[in-house]
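Quick caveat: nothing in here was measured; it's all calculated off a predicted structure.
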Amino acid sequence: MRDVLKRLCTAAEVKFYSQLLTKGGGRGNLKPNKNCNLSSWAPGCEPGWACSVGDNLVQLKDAKEMPPRILDCQPCCEGFFCPRGLTCMIPCPLGAYCPLSKLNEDSGACDPYHYQPPPGQTNHSCGGADVWADVQSTPELFCSAGFYCPTTAQKIPCTKGRYCRTGSTTQSSCYKLAICESQSDNQNITAYGVMFFGGITLILLIIYNCSGQVLSSREKKQAKSRERAAKSARETVQAREKWKSAKEIARKHATGLQSQLSRTFSRKKFVSQQDPHKAPSHARSRSEAALPPLPLGMSQAKAKKQTNLTKMVEELEENPDSHDGFNIEIEDKNIKKPKAKHLQTKSQIFKYAYGQIEKEKAMQEQNKNLTFSGVISMASDIEIRTRPPIEVCFKDLTLTLKGKNKHLLRCVSGKLSPGRISAVMGPSGAGKTTFLSALTGKAAGCTTTGVILINGKPEPMQSYKKIIGFVPQDDIVHGNLTVEENLWFSARCRLASDLPKPEKVLVVERVIESLGLQPVRDSLVGTVEKRGISGGQRKRVNVGLEMVMEPSLLILDEPTSGLDSSSSQLLLRALRREALEGVNICMVVHQPSYTLFRMFDDLILLAKGGLTVYHGPVKTVEEYFAGIGITVPDRVNPPDHFIDILEGIVKLPSTGVSYKDLPLRWMLHNGYPVPPDMLDSSGSRASSAGENSADGGASPATTTSEQSFTGGDMWSDVKTNVAQKKDRMRYNFLAWTDLSHRKTPGVLLQYKYFLGRVGKQRLREARIQAVDFLILLLAGLCLGTLAEVSDETFGANGYLYTVIAVPLLTKIAALRSFSLDKLHYWRESSSGMSGLAYFMSKDTVDNTNTIVKPAVYLSMFYFFNNPRSSILDNYLVLLSLVYCVTGIAYALAIYFEPGQAQLWSVLLPVVLTLIARQEDNGSFTGKLGNYIYTKWALEAFIIANAKRYSGVWLITRCGALSKKGFALDHWYPCLIKLILLGVISRCVAFVLLITFQKK
């Protein structure tokens with residue numbers, strides 16, 4: 001032992017040896033030193049040999065000076081290695097096997113090492129190990145695979161049921177189902193992978209085939225409760241009607257009996273015998289006055305019967321709806337009907353709602369020709385809530401396109417009144433939709449002049465957006481929700497938060513009933529891939545989304561386009577009922593039928609260029625045009641005739657009036673100020689205005705001849721686009737004062753509603769989710785099988801494929817969260833719904849996939865690849881990576897169109913991974929790689945695996961990590977960076993969501 005201590009290397013000698021390793025020398029030669037140089041080369045300088053310091057004292061911790069060591073040179077001891085150029089011994093690390101070498105007579109080398117003894121020195125035999133470096137340079141020093149080395153001088157083969165990796169010091173037990181023969185270098189856990197694959201595939205098949213049953217069972221139960229309530233309400237109404245009929249019959253019989261008794265007992269001689277103490281006839285009731293006095297000889301029983309009959313007739317005449325006096329009861333009068341806010345169960349709520357609806361139907365049957373004032377008088381009976389009225393007045397309303405100085409709307413004046421339906425009509429290019437956008441303040445990229453008054457005050461329309469409904473031309477409805485779910489969600493988010501739930505149910509049921517959607521209320525609306533309800537029903541659902549929020553002003557952009565005559569009439573009847581409740585309705589229509597045309601109250605007829613031709617009651621439109629010499633021929637629909645005139649298809653009679661002069665005639669007729677350029681008697685300038693506005697409404701002042709596209713046109717287009725984006729950002733971020741006096745649900749409550757809606761959508765999309773999971777399973781299976789674990793690279797190849805494949809598959813799946821719903825969000829946000837609640841609900845539900853998808857992928861990849869790192873470490877890295885790339889996918893989906901977003905999602909993982917593999921050698925790509933998420937994920941994966949390599953692997957691990965710029969203490973920072981990037985990307989996506997909205 002004492003001799004061994006004299007041969008051990010000091011700290012200075014070990015430091016000297018490390019210089020060879022830092023240069024990657026492996027088996028290279030050390031620099032000359034005190035003991036081994038050109039003038040002094042002791043036998044201990046040869047590989048596998050060491051010398052003693054003799055009687056000199058040795059300070060093993062001395063790192064400054066090497067001691068002289070040239071005495072008593074002998075072969076290196078077992079368990080130690082002696083490098084060439086050093087005369088000392090260094091202990092072999094754990095996991096190494098360092099036996100004494102033996103001379104190979106055939107090759108002349110010292111096995112198992114690769115050095116040769118010096119020639120010509122017969123007394124110099126083979127010694128011990130000569131070097132310790134990385135596994136590629138000195139593989140013979142590492143304990144062989146299939147063996148374990150409890151000490152550096154002992155190597156034992158692995159027994160059956162256990163496995164030993166390269167450099168192992170102990171045996172590792174195999175899993176129960178794993179296959180481990182004797183001297184196995186790894187356990188075969190493919191059976192677990194097959195089991196996981198089969199189990200997950202079975203679960204996905206169940207989800208794929210039975211996903212619809214989760215919601216359908218609940219919907220069937222709710223439908224049964226609703227049907228029972230509707231049946232009960234109908235039976236109650238029918239019984240009430242029968243009861244009223246019975247009372248009417250009884251009243252008629254009583255009146256007949258009264259007249260019969262009058263004829264039987266009408267004798268004048270009994271008049272003088274009447275009781276003088278009784279009240280005079282004028283003080284008695286009308287029934288008693290009609291009956292003759294009773295004779296003196298009549299029995300008291302008959303007199304009592306006469307009195308009861310008289311009282312009955314009197315009560316029926318005074319209150320014919322009273323139930324008193326009859327021994328029949330429809331319901332217990334002692335039971336007080338519960339108020340809406342006290343109803344709790346669904347059955348009670350539905351009974352209340354359908355009871356009110358049936359009562360409204362009965363009232364409407366009694367008052368078929370109901371007017372606005374009639375509805376107000378009926379409101380106390382059916383408890384119709386009054387809505388705040390909105391009257392819109394506009395004068396000289398003009399819209400000019402910024403950058404091009406083109407008029408889209410010009411000198412439009414008029415008024416939209418509560419309780420009336422106004423139709424906006426005109427040929428293509430007349431600015432009908434532009435007119436609606438101008439009223440709602442959504443005309444982006446335009447300069448608006450003129451005056452818009454709300455209830456006589458110059459207030460912005462955005463201040464009333466909580467009680468304004470806007471129905472877009474396109475049917476923007478969630479196709480993976482049922483009709484009722486679409487309407488119910490809109491009602492919950494947009495009705496007053498203090499409104500009781502039964503009242504909200506009543507509103508939704510009333511809209512479903514009025515729009516004729518009762519047969520399809522539980523049907524999915526449908527998408528392009530999966531057919532649902534018909535186009536007409538979808539259009540009515542689109543209108544119903546705004547009706548359920550009980551607006552005071554309802555604006556509709558071509559709600560009857562694509563509908564047949566019966567569907568259009570059904571829609572107009574529903575809107576007529578809304579108007580009778582005081583709603584101000586304005587809608588764009590294209591050539592309605594005569595029946596529909598007569599259902600409107602007012603007409604706004606626009607010519608090309610956004611000029612008004614007529615604005616007033618529908619009843620007087622023909623009278624006005626007849627006054628200027630334009631009459632509607634027999635059997636011709638008036639709106640068709642007027643539009644054909646404005647299009648120039650129908651020639652006017654020779655009255656001196658041109659269709660291009662009609663806007664000027666209207667201005668002069670009403671005394672409106674006329675622009676100077678329209679006062680030309682020939683009407684040529686007005687004519688040019690109408691022609692140029694067919695494709696955008698060019699101003700006459702700026703009308704030029706058709707020219708080829710020039711740089712000036714490009715610059716004007718750029719200015720116009722910039723102005724539009726600026727106006728939209730201003731519209732989104734500007735805080736408007738709320739003047740609607742309606743307190744809708746807050747962000748947290750809306751978040752709850754959004755969460756429920758997104759959850760239902762994801763359940764209905766379970767088949768798509770199952771396909772995503774199946775693709776991840778196959779990707780994990782393929783990559784885990786193909787990418788074999790390499791101890792030299794710590795499994796870098798398999799992790800490199802993972803960093804490319806998983807983000808790519810995850811991003812493409814995450815794009816669906818926002819790419820397909822952007823139009824729905826823009827519609828909902830414009831009505832006052834919370835964008836934060838919408839975004840957070842989507843992210844919350846998607847976080848379920850963020851948690852599950854890494855586990856699905858690793859269930860295949862880990863068991864087929866079988867790296868040394870634990871499955872928990874791999875899961876945490878993959879979880880952080882998926883969370884990061886999901887946020888990036890949100891931003892791509894919101895900012896780009898679907899096709900472009902998919903392209904970016906495919907390119908980013910591949911390109912960024914290639915950049916991440918570049919070494920940081922001072923180049924731009926090398927420095928850029930330090931700020932890329934793919935490098936953080938790859939580093940975390942390799943570090944998690946490298947931590948499992950110790951002992952003899954230290955030099956290999958250190959060299960591999962330092963070459964890539966990695967460090968063992970970077971594991972947690974890498975995870976934190978990935979999570980932070982995921983949070984930042986979500987913030988960016990949210991800002992993009994509320995900022996860059998399309999038209």
Side-chain angles (χ1 to χ4, degrees), residues 390 392 394 397 399 408-410 412-417 420-443 446 452 461 468-476 535-536 538-540 542-547 551 553-565 567-569 571-572 574-576 578-579 583-618 621 637-640 642-644 646-647 663 693-697 827 830 999:
I390 291 183
V392 183
F394 42 93
L397 185 61
L399 260 70
L408 303 180
L409 205 66
R410 194 173 191 197
V412 178
S413 300
K415 180 175 67 173
L416 303 177
S417 303
R420 299 180 69 83
I421 301 180
S422 302
V424 182
M425 298 175 58
S428 299
K432 301 181 293 296
T433 302
T434 304
F435 171 69
L436 299 184
S437 301
L439 289 182
T440 56
K442 298 179 180 179
C446 298
I452 299 179
M461 189 70 75
I468 295 177
F470 184 87
V471 180
Q473 182 176 353
D474 299 326
D475 300 331
I476 304 175
R538 186 185 182 95
K539 178 73 71 175
R540 280 177 271 162
N542 188 35
V543 177
L545 290 178
E546 305 301 324
M547 292 177 59
L553 173 61
L554 183 58
I555 299 176
L556 306 96
D557 191 3
E558 301 185 20
T560 59
S561 298
L563 297 183
D564 55 21
S565 178
S567 299
S568 299
Q569 291 186 26
L571 178 60
L572 261 294
L575 294 176
R576 170 59 61 186
E578 292 288 308
V583 181
N584 190 345
I585 300 177
C586 179
M587 57 190 297
V588 173
V589 291
H590 272 300
Q591 295 180 315
S593 64
Y594 185 74
T595 304
L596 292 181
F597 181 68
R598 302 299 298 179
M599 295 178 70
F600 296 116
D601 297 309
D602 298 320
L603 172 65
I604 301 175
L605 190 59
L606 299 176
K608 292 184 177 182
L611 297 167
T612 307
V613 174
Y614 176 82
H615 180 18
V618 171
V621 61
N637 190 14
D640 292 345
F642 297 146
I643 292 177
D644 289 343
L646 295 177
E647 284 280 9
S693 55
D695 58 348
R827 176 179 182 176
S830 64
K999 184 176 179 182

Full working for side chain to side chain contact (heavy atoms under 4.5 Å, CB included) between L603 and M425: CA-CA 7 Å; L603 172 65; M425 298 175 58; 3.5 Å; yes

Check against side chain to side chain contact (heavy atoms under 4.5 Å, CB included), T612 and S413: CA-CA 8 Å; T612 307; S413 300; over 6 Å; no

Stepwise side chain to side chain contact (heavy atoms under 4.5 Å, CB included) check, V621 with F600: CA-CA 12 Å; V621 61; F600 296 116; over 6 Å; no

Derivation of the side chain to side chain contact (heavy atoms under 4.5 Å, CB included) call for Q473 and V588: CA-CA 9 Å; Q473 182 176 353; V588 173; over 6 Å; no

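Atoms NZ and NE2, from K432 and H590 in turn, are 4.5 Å apart once rounded to the nearest 0.5 Å. We find the CG-CZ distance between N637 and F642 to be 9.5 Å, quoted to the nearest 0.5 Å. The distance from the CG atom of L409 to the CG atom of L397 is 5.5 Å, given to the nearest 0.5 Å. A distance of 11.0 Å separates CG in L556 from OG in S561, rounded to the nearest 0.5 Å. Rounded to the nearest 0.5 Å, atoms CE (M599) and CG (L572) are 4.5 Å apart. Note that the NE2 atom of H615 and the CG atom of L416 stand 6.0 Å from one another [nearest 0.5 Å].
In summary, of the residues considered (L575, L571, V424, D557), a side-chain contact (heavy atoms from CB on, under 4.5 Å) with M587 occurs for L575 alone.
With sequence neighbours left out, K539 forms a side chain to side chain donor-acceptor pair (under 3.5 Å) with D475.
You'll find the side chain of K415 stays beyond 4.5 Å of the side chain of R420, heavy atoms only. Side chains of M461 and V392 form a contact here, defined as non-hydrogen atoms less than 4.5 Å apart.
Without hydrogens or angle criteria, D601 side chain to S422 main chain gives no donor-acceptor distance under 3.5 Å. No donor-acceptor distance shorter than 3.5 angstrom exists from the side chain of K608 to the backbone of P427, with no hydrogens or angles considered. Not one N or O on the side chain of R410 forms a donor-acceptor pair closer than 3.5 Å with the backbone of G609.
Ring centroid separation for the pair F394 and F435 comes in under the 6.0 Å cut-off.
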